[in-house]
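Read through the structure below, which is laid out as structure tokens, and then see the notes.
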Amino acid sequence: MRVTGTIDLLPSQMRLYNKICETFFAICKLYGYEEVATPILEDIRVFDRNLGLETDVVSKEMFFLEKKQDETLVLRPENTAGVMRLCQEGGLFQKLPQRLAYYGPMFRYERPQKGRYRQFHQFGVECIGVASYMADVENIQMAVHFMQEIGLAELTELEIHTLGSESERDAYKQALHDYLLPYKNELSENSVRRFDKNILRVLDSKNVHDQKILETAPVMRNFLQMESAKYFDNILESLENFGISYTVNPFLVRGLDYYNQTVFEIKTPALGAQSAVLGGGRYDGLAQQFGEKTPTPSIGWAAGMERLFLLAQEHQTLSVPPRKNIVIIAMTEAFDQEAQKYASLLRKEGIACLTVHEGTLRKRMKIASRLEAKYTIIFAPKEMENKTAILRDMMRSEERILPLADLIITVKKHYDT
RNA sequence: GCGGGUGUAGCUCAGUUGGUUAGAGCGUCAGUUUGUGGCAUUGAAGGCCGUGAGUUCGAAUCUCAUCACUCGCCCCA
């Protein structure tokens, strides 16, 4: 009985899964991002105020653990706040800039759906302490690069927007509120809810009448001061120069309160309702929540492993290498020891090797085949009399008889070809 | 939290207006000159028809409940 909202991964799936992980960390290495790890368990205070008390993630989606005295523990619902905590407690804010990466399980108590699970895994990167817009560009470039490397570039697209500074955003929200208020009883039920909860989300309404009202609504762009506008334009210009295509989505609103200025998402139409596979943005104010005296320019993103995995699996965008095992078959028990001995020798050479001890030769060959054997070595009575063994190339269906003394060196020679 | 759909073999699914021993394909296992895998072929095993109650002479099939999965809404990765 699997717990609701969790998934198992079979060996065959795990290979693709690991390939995605390896790709992520290879990208991190190329951009100079170092891996960190924080606990899955955190004090609730890491998240509640920092993500926003009114956000869904905090208000209804966290897994609580039994209270011990006056501390309340939760399973982390995301990891940007956790990384900020790590930076503070590990003294990393003293040595800026920091470029950090993480991977691990996150937990949100939601209704499971395709690509949405209660335990899911996020890849994330955070660039802390670089105020230049080049940090944004680098970060986004990295995200796009990651998509390309796992073959999802064709299936996804980048959307970007800016929320401006906190004061600019507040001014805009106020203006939007003032504009929409007279229309409030005309708005769709959904938009009314958004009006009260997160007014920017009203902009994203699919309702035709709502859209008509929104046609003449104030736009964010006009509330940006010179500095913010220039910052955003610089990013867009750079993306174009680097050949990264994007769509400016003025309705892009992120679900966590700590974002300011640049926000972006990588979306796919191929996953049903779960269109976002990666999301991120700037969060210059978050470090202060963890004790920094002044705003610390920071930007990062997180990608959902399960969503990437589903896309890569369904669209077969990533090839996983064959296992390339060597399988040793001892045809009679008398050769078991010998088989193990040669298996050990091969492993010492860094070559993956298994032995098969049960059943008829036919049966054992089937097992070797299923183990994706590149070569099968057969220790058979007739050949063993002359200190030789059979080496079978499973792909080519060719065999030859080799002196035992040449076995290791021959396999080693052909293993990587 | 709110809607819709589906639960039959390891997997993907059939199962006719309720009617005797519940089927297929794939997979598994065992054979097909007992010293050779993939292909082909023969055969076998494998199901409390999600769970509980009800209607009925009789339920995989109808009703209710419950659980799980799934797709949307909301939100997000």
Side-chain angles (χ1 to χ4, degrees), chain A residues 1-7 10 12 51-52 54-61 76-80 103-124 143 146 156 188-191 193-194 197-198 201 204-207 252-256 259 264-268 271-280 300-311 327 329-332 356 358-384 389-399 401:
Chain A
M1 290 294 287
R2 228 170 55 237
V3 169
T4 299
T6 62
I7 55 169
L10 301 171
S12 58
L51 309 198
E54 297 304 312
T55 60
D56 281 16
V57 169
V58 169
S59 64
K60 62 181 192 191
E61 293 176 0
R76 63 184 184 191
E78 61 101 60
N79 203 28
T80 296
Y103 168 74
M106 310 295 160
F107 303 84
R108 292 182 199 171
Y109 192 88
E110 299 180 88
R111 195 66 181 275
Q113 226 174 94
K114 185 175 190 182
R116 187 170 82 183
Y117 307 99
R118 288 182 177 174
Q119 174 176 333
F120 62 103
H121 294 74
Q122 283 189 336
F123 300 107
F146 182 34
T156 57
S188 66
E189 195 184 333
N190 205 352
S191 289
R193 202 178 331 120
R194 288 168 164 181
K197 211 173 125 190
N198 183 353
R201 297 269 321 148
D204 200 21
S205 175
K206 275 127 194 145
N207 182 286
L252 185 62
V253 179
R254 315 241 57 239
L256 306 174
Y259 288 108
F264 58 94
E265 272 184 12
I266 290 180
K267 294 186 173 180
T268 178
L271 263 186
Q274 268 50 247
S275 59
V277 296
L278 181 151
W301 51 258
M305 166 54 111
E306 284 75 7
R307 291 181 186 177
L308 299 176
F309 177 80
L310 282 173
L311 284 176
V327 172
I329 294 172
M331 271 181 57
T332 74
V356 182
E358 311 290 322
T360 59
L361 183 57
R362 183 191 183 83
K363 169 75 178 166
R364 294 185 200 203
M365 289 301 291
K366 276 191 177 184
I367 292 171
S369 194
R370 198 160 56 200
L371 287 169
E372 292 172 51
K374 183 175 171 70
Y375 292 106
T376 299
I377 296 168
I378 305 168
F379 286 172
K382 205 172 91 192
E383 286 74 12
M384 285 300 274
I390 304 164
L391 179 66
R392 182 176 179 85
D393 183 325
M394 299 296 273
M395 301 296 282
R396 298 190 183 137
S397 293
E398 290 168 5
E399 349 184 294
I401 295 167

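Every chain is numbered from 1 and lettered A, B, ... according to where its sequence line falls, protein lines coming before strand lines.
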Taking atom [atom1] in both [N] and [M], what distance in whole Å separates the two?
{"N": "B:C67", "M": "B:U51", "atom1": "C1'", "result": "7 Å"}
{"N": "B:A24", "M": "B:G46", "atom1": "C1'", "result": "15 Å"}
{"N": "B:U63", "M": "B:G23", "atom1": "C1'", "result": "27 Å"}
{"N": "B:G43", "M": "B:G25", "atom1": "P", "result": "11 Å"}
{"N": "B:A60", "M": "B:G15", "atom1": "C1'", "result": "8 Å"}
{"N": "B:G7", "M": "B:G50", "atom1": "P", "result": "8 Å"}
{"N": "B:G27", "M": "B:U70", "atom1": "P", "result": "26 Å"}
{"N": "B:A53", "M": "B:A59", "atom1": "P", "result": "13 Å"}

Between [N] atom [atom2] and [X] atom [atom1], what is the distance in whole Å?
{"X": "A:Glu110", "N": "B:C75", "atom1": "CD", "atom2": "P", "answer": "11 Å"}
{"X": "A:Lys114", "N": "B:C73", "atom1": "NZ", "atom2": "P", "answer": "14 Å"}
{"X": "A:Arg2", "N": "B:C67", "atom1": "CZ", "atom2": "P", "answer": "18 Å"}
{"X": "A:Met106", "N": "B:A77", "atom1": "CE", "atom2": "C1'", "answer": "10 Å"}
{"X": "A:Glu78", "N": "B:C75", "atom1": "CD", "atom2": "P", "answer": "18 Å"}
{"X": "A:Phe107", "N": "B:A77", "atom1": "CZ", "atom2": "P", "answer": "16 Å"}
{"X": "A:Tyr109", "N": "B:C75", "atom1": "OH", "atom2": "C1'", "answer": "16 Å"}
{"X": "A:Phe264", "N": "B:A77", "atom1": "CZ", "atom2": "P", "answer": "11 Å"}

What contact category does [X] fall into here, base, sugar-phosphate, or nothing, at under 4.0 angstrom with non-hydrogen atoms?
{"X": "A:Thr376", "result": "nothing"}
{"X": "A:Phe123", "result": "nothing"}
{"X": "A:Gly5", "result": "sugar-phosphate"}

Exercise: identify the closest heavy-atom pair between [X] and [Y]:
{"X": "A:Ala276", "Y": "A:Glu265", "result": "CB-OE1, 3.9 Å"}
{"X": "A:Ile7", "Y": "A:Arg2", "result": "CA-NE, 3.8 Å"}
{"X": "A:Met365", "Y": "A:Ile329", "result": "SD-CD1, 3.8 Å"}
{"X": "A:Pro112", "Y": "A:Gly5", "result": "CG-CA, 3.9 Å"}
{"X": "A:Thr4", "Y": "A:Arg118", "result": "O-CD, 3.6 Å"}
{"X": "A:Ala380", "Y": "A:Met331", "result": "CB-SD, 3.6 Å"}

Check the phosphate of [N] against [X], side-chain N and O only, distance under 4.0 Å to OP1 or OP2. Yes or no?
{"X": "A:Arg194", "N": "B:C74", "answer": "yes"}
{"X": "A:Arg193", "N": "B:C73", "answer": "no"}
{"X": "A:Gln113", "N": "B:G72", "answer": "yes"}

Practice problem: Could you run through nucleotides 44-51 of chain B and give me one letter per nucleotide, 5' to 3': B if any protein heavy atom sits under 4.0 Å from the base, S if only the sugar-phosphate is that close, - if neither? | Solution: --------
Exercise. Using a 4.0 Å heavy-atom cut-off, write out nucleotides 29-37 of chain B from 5' to 3' as B (base contacted by protein), S (sugar-phosphate only) or - (no contact).
Key: SS-B--BBB
Looking at residues at least two apart in the chain, or sitting in another chain, which of them share a side chain to side chain contact (heavy atoms under 4.5 Å, CB included) with [X]?
{"X": "A:Ala389", "value": "A:Ile377, A:Phe379, A:Leu404, A:Leu407"}
{"X": "A:Arg396", "value": "A:Asp393, A:Glu398"}
{"X": "A:Arg108", "value": "A:Val57, A:Glu61, A:Pro77, A:Glu78, A:Glu110, A:Phe120, A:Gln122"}
{"X": "A:Gln119", "value": "A:Thr6, A:Pro105, A:Phe107, A:His121"}

Practice problem: Return the set of residues passing ring-ring contact (aromatic ring centres under 6.0 Å, His included) with A:Phe123 (not counting sequence neighbours), or none when no residue passes. | Solution: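 ring-ring contact (aromatic ring centres under 6.0 Å, His included) list for A:Phe123, sorted by chain: A:Phe24, A:Tyr103, A:Phe146.
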Quiz prompt | Side-chain heavy atoms of A:Arg116 within contact of A:Arg307, under 4.5 Å | solution =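 Yes - at least one pair of side-chain heavy atoms lies under 4.5 Å apart.
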Quiz item: Which comes earlier along RNA chain B counting from the 5' end, the contact point of A:Thr6 or that of A:Leu256, where each point is its nearest nucleotide?
Solution: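 The residue closer to the strand's 5' end, by nearest nucleotide, is A:Thr6.
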Quiz item: Hey, which of these two, A:Glu265 or A:Ile7, hits RNA chain B nearer its 5' end, going by closest nucleotide?
Solution: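 Comparing both residues, the 5'-ward one is A:Ile7.
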Quiz item: Which dot-bracket string describes RNA chain B (Watson-Crick N1-N3 plus N6-O4 or O6-N4, or G-U N1-O2 and O6-N3, all under 3.5 Å; [ ] crossing; | other strand)?
Solution: (((((((..((((.....[...)))).(((((.......))))).....(((((..]....))))))))))))....
Output a table of nitrogen or oxygen pairs between the protein and nucleotides 2-9 of chain B separated by less than 3.5 Å.
from : atom 1 : to       : atom 2 : distance (Å)
B:C2 : N4     : A:Arg111 : NH1    : 2.7

Taking only residues two or more places apart in sequence or in another chain, which ones pass side-chain hydrogen bond (donor to acceptor under 3.5 Å, both in side chains) with [X]?
{"X": "A:Arg194", "value": "none"}
{"X": "A:Tyr259", "value": "A:Arg254"}
{"X": "A:Ser188", "value": "A:Ser191, A:Asp210"}

Practice problem: Please assess A:Val327 against A:Ile367 for the test side-chain contact (heavy atoms from CB on, under 4.5 Å), listing each intermediate value before the final yes or no. | Solution: CA-CA 9 Å; A:Val327 172; A:Ile367 292 171; over 6 Å; no
